[in-house]
Amino acid sequence: MTIYVNGRELEERGLVGKSEARKRAGLYPEGLLRVLERSARDELADSRCAMVEEVQELNRALYESGAHLEPPPDLAREGEKKGRLESFLRRFQTRFIRAVCEGYVQQQQLFNSYLSKGLILCFLQVYGREEEIPLEGESMPDPGALRHAEWERETAEAVAAALRGSSCLVLGIPGLELLEALQEKARLVLAVDPSEEVVARAQARMLPAWCGTRFADLLELAGAEGEVVLVTCPAAIPAGGLKELFVWAAGHLPPGGRVLVALNAPSPGGIVDREGGSRPYTRAFISSLMRSRGLVAGERRLDGKVFLEGRKAEDGGAGEGGGAADAGGEGR
Amino acid sequence: MRIHQLVARLDPGDAISNQALSMHELFRSWGFESHLYAFDMDDYGKRFAEFDNRYRRFMHERDDLLIYHFGIYCDNHRYFLESANRKVLIYHNITPPEFYDPYYPEAVRLCRMGRELMPRLKECDLALGDSDYNRRELVEAGFPEERTGVLPINPPLNKLDEVEEDRALLRRLQDGRTNLLFVGRVVPNKRVEDVVKLFACYHYGVNARSRLVIAGMHLATYQTALLSLTERLGLLDKVHFLGKVSDSSLKACYLGAHYYLSMSEHEGFCVPLLEAFHFGIPVLAYAAGAVPETMGGAGVLFEEKDYPLLAELLGRLDRDDLMRERIVSAQYRRLEDFRPEVFAARLRAVVDRFASPAGGEKAQAAADGREPA
């Protein structure tokens with residue numbers, strides 16, 4: 001590929017090298033590259049826009065049969081009676097045809113416009129902010145407030161050592177040490193975190209990290225596969241997101257694969273999210289989610305940090321839970 | 001001499017309308033009697049133009065000059081065909097209909113009819129493209145080459161300078177994130193989906209603290225497809241489709257942007273490139289249609305859409321201040337070619353070819369600021 005900067009060919013070997021390195025590091029996983037190959041037409045074909053095709057087929061058939069929709073010329077001179085009515089009809093006919101063809105488009109635009117305005121109005125009424133509408137979910141309860149403090153290097157090393165040799169997905173980045181330790185001792189497939197700052201720092205070190213809050217969707221998009229899913233800060237995930245995550249894990253983890261959920265209580269106090277989940281979640285809540293997806297729940301301690309571990313049965317089927325967590329767990 | 005300009009539609013923000021209006025102002029400033037006609041117009045257009053049937057009273061005047069702005073099929077081309085005036089066609093290019101094929105049947109029909117009409121318009125005194133790319137299409141359509149020329153667009157940059165930016169929008173854009181910008185109609189030939197894809201690679205691979213802003217009127221069906229793709233990429237909260245924006249919001253977009261992206265696969269000129277130049281934003285553009293010609297050796301051009309590689313290039317620009325400054329400097333230099341005085345001189349040369357001695361003297365006197373004899 002040739003790139004010209006101010007008309008001069010750019011020496012691009014360095015760029016190609018870095019881009020390839022990012023691919024190798026997992027920043028551009030196969031799932032993402034597959035979506036990049038989709039065209040807007042593919043998206044249209046998958047959506048419910050068949051009416052557009054019908055209108056187009058009709059227009060094409062009319063055109064090819066010689067029934068041109070544009071009306072005949074009107075070249076009557078100013079002041080001549082002949083032509084005034086024709087001129088009126090010509091304009092009316094043309095505009096009518098265009099109105100019919102464009103009507104559905106306009107209606108959709110109007111609908112979108114009213115819907116957007118309605119949403120903004122509701123937001124203002126609920127949150128009482130008059131000056132600005134948030135661009136990036138600024139109004140959401142700040143998951144960062146519930147984040148764990150960054151893990152100590154020793155903790156990161158201990159967790160990485162416990163996961164030695166496994167391919168890992170990390171949800172919530174408690175510092176780059178963990179990612180680097182996992183890259184060294186295990187295989188880090190992808191880390192996801194809601195914080196743009198943390199992810200940008202990881203990206204700068206070529207660590208495979210993505211930013212987002214809908215973890216299960218992002219893992220699906222990446223086409224990510226791993227043997228271990230490490231959830232470092234469940235309180236940062238809404239209850240619905242946590243449920244989706246276990247659904248994803250039950251479907252994608254190989255037999256014997258694990259979900260490790262850190263249980264340390266975050267500070268400050270909890271929040272109630274839109275799905276009704278009260279965060280931080282109780283041990284019983286998380287273990288029941290694990291069991292409902294066929295994962296065998298148990299407890300692990302690594303460098304003083306407590307984790308709930310959900311393991312997928314070796315035969316890949318649903319298993320009934322046991323272990324310390326299933327004995328009842330701690331309520332809040 | 002009377003000068004008549006005929007357009008399909010006159011409304012704000014449209015490149016053809018802006019061009020016709022800027023010419024109208026110049027003609028009047030030179031002392032010509034200038035008229036603007038449109039098949040259709042909104043309230044803004046009505047301040048300057050009349051409906052095209054008002055032109056009929058002049059169409060048999062042999063000394064008048066008729067300028068027809070051709071960018072889409074419109075049945076007011078028949079005035080141009082039948083007129084006894086001296087005739088100039090300005091070709092702004094017609095999007096090849098196949099781009100609209102699955103999205104917008106009416107546009108397919110109008111573009112196809114427009115392209116079929118082109119050869120029939122060749123019986124004119126002069127045919128101008130607003131780029132050499134457009135001029136060559138005229139020649140390919142059968143226009144005699146010796147009667148073709150180029151009259152570039154006069155970008156309405158002073159209009160953006162004069163307006164006050166939307167401060168609320170600008171404040172939100174200046175929040176520390178890197179803003180990638182696309183401006184223009186959200187239509188299939190602009191390949192906005194490719195802009196989203198490049199942003200996806202930049203956001204997921206290079207810089208998570210980033211957003212994409214898309215400002216321009218959208219075509220609903222195509223927009224549906226774009227939203228679907230954006231959602232599939234998990235970027236609905238990072239990609240902002242602003243729709244058609246006011247001049248003050250547009251200015252805020254330019255002031256808040258860090259890079260301008262164009263992935264368009266068909267352009268007859270592309271005014272937003274020059275607007276981005278004007279606001280000192282490095283432009284990265286796919287080399288298609290008249291884009292290389294408009295950029296004139298400034299900015300970044302590429303011939304393939306390798307998204308991870310282009311994302312890496314954006315990352316390099318993030319870090320390389322010198323490279324960014326060189327690009328912006330070259331873009332400012334290129335902008336010199338589009339100064340209003342340059343455009344006025346070119347347009348004047350065109351008009352002088354047709355002005356009768358009396359009309360020319362009157363026009364020259366007006367240009368010199370004295371009373372005509």
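The model shown is predicted, which means the values in this text are computed figures rather than measured ones. Each chain gets a letter, A, B and so on, in the order the sequences are listed, and its residues count up from 1.
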Between B/K197 and A/R38, is there a donor-acceptor pair closer than 3.5 Å when you use the side chain of the first and the backbone of the second? yes
Less than 4.5 Å to any heavy atom of chain B: does that hold for the side chain of A/L218, its backbone, both, or neither? side chain
Roughly how far, to the nearest 0.5 Å, is the CG atom of B/L313 from the CD atom of A/E12? 9.5 Å
Using non-hydrogen atoms only, which part of B/M295 is less than 4.5 Å away from chain A: side chain, backbone, both, or neither? neither
Test side-chain contact (heavy atoms from CB on, under 4.5 Å) on B/L229 and A/D42 and set out the steps. CA-CA 9 Å; B/L229 180 71; A/D42 293 334; over 6 Å; no
What residue in B/G234, B/G297, B/G296, B/G205 has the most heavy-atom pairs under 4.5 Å with chain A? B/G205
Checked A/E20, A/R8, A/R22 vs chain B; the most non-hydrogen pairs under 4.5 Å come from A/R22
For B/L235, which atoms come within 4.5 Å of any heavy atom of chain A: side chain, backbone, both, or neither? neither
Going from CG on A/L190 to OH on B/Y204, what distance comes out if it is rounded to the nearest 0.5 angstrom? 10.0 Å
The interface call for B/A311 against chain A, heavy-atom contacts under 4.5 Å, is side chain
If you count heavy-atom pairs within less than 4.5 Å of chain A, which of B/E303, B/K305, B/H77 leads? B/E303
Closest contact, heavy atoms only, B/A208 versus A/A200: CB-N, 4.0 Å
Given that the side chain runs from C-beta out, which part of B/E304 has a heavy atom under 4.5 Å from chain A: side chain, backbone, both or neither? both
Please check if the number of heavy atoms outside B/R319 that lie under 6.0 Å from its CZ is greater than 12. yes
So for B/H203, is it side chain, backbone, both, or neither that comes closer than 4.5 Å to the heavy atoms of chain A? both
Output the distance between atom CG (B/L310) and atom CD1 (A/I3), rounded to the nearest 0.5 Å. 5.5 Å
In terms of heavy-atom proximity below 4.5 Å to chain B, should A/A209 be classed as side chain, backbone, both, or neither? backbone
Between the main-chain N or O of B/N207 and the side-chain N or O of A/Q203, is there a donor-acceptor pair closer than 3.5 Å? yes
Mind ranking A/L27, A/L33, A/V16 by heavy-atom pairs under 4.5 Å with chain B and telling me who comes out on top? A/L27
In terms of heavy-atom pairs under 4.5 Å with chain B, which of A/G31, A/G7, A/A25 leads? A/G7
To the nearest 0.5 Å, tell me how far A/S39 OG sits from B/R191 CZ. 7.5 Å
Report the distance from atom CG of A/D217 to atom CD of B/E231, rounding to the nearest 0.5 Å. 8.0 Å
Tell me, side chain or backbone of B/R316 under 4.5 Å from chain A's heavy atoms, or both, or neither? side chain
Please check if the side chain of A/N6 supplies one atom and the backbone of B/R326 the other of a donor-acceptor pair under 3.5 Å. yes
Counting heavy-atom pairs under 4.5 Å with chain B, the top scorer among A/R214, A/E220, A/E197 is A/E197
Check whether B/Y222 gets within reach of chain A through its side chain, its backbone, both or neither, counting any heavy atom under 4.5 Å. side chain
Answer yes if the side chains of B/E312 and A/S19 hold a donor-acceptor pair under 3.5 Å, and no otherwise. no
Inter-residue atom distance A/E9.CD - B/L301.CG, 0.5 Å rounding: 12.0 Å
Less than 4.5 Å to any heavy atom of chain B: does that hold for the side chain of A/L221, its backbone, both, or neither? side chain
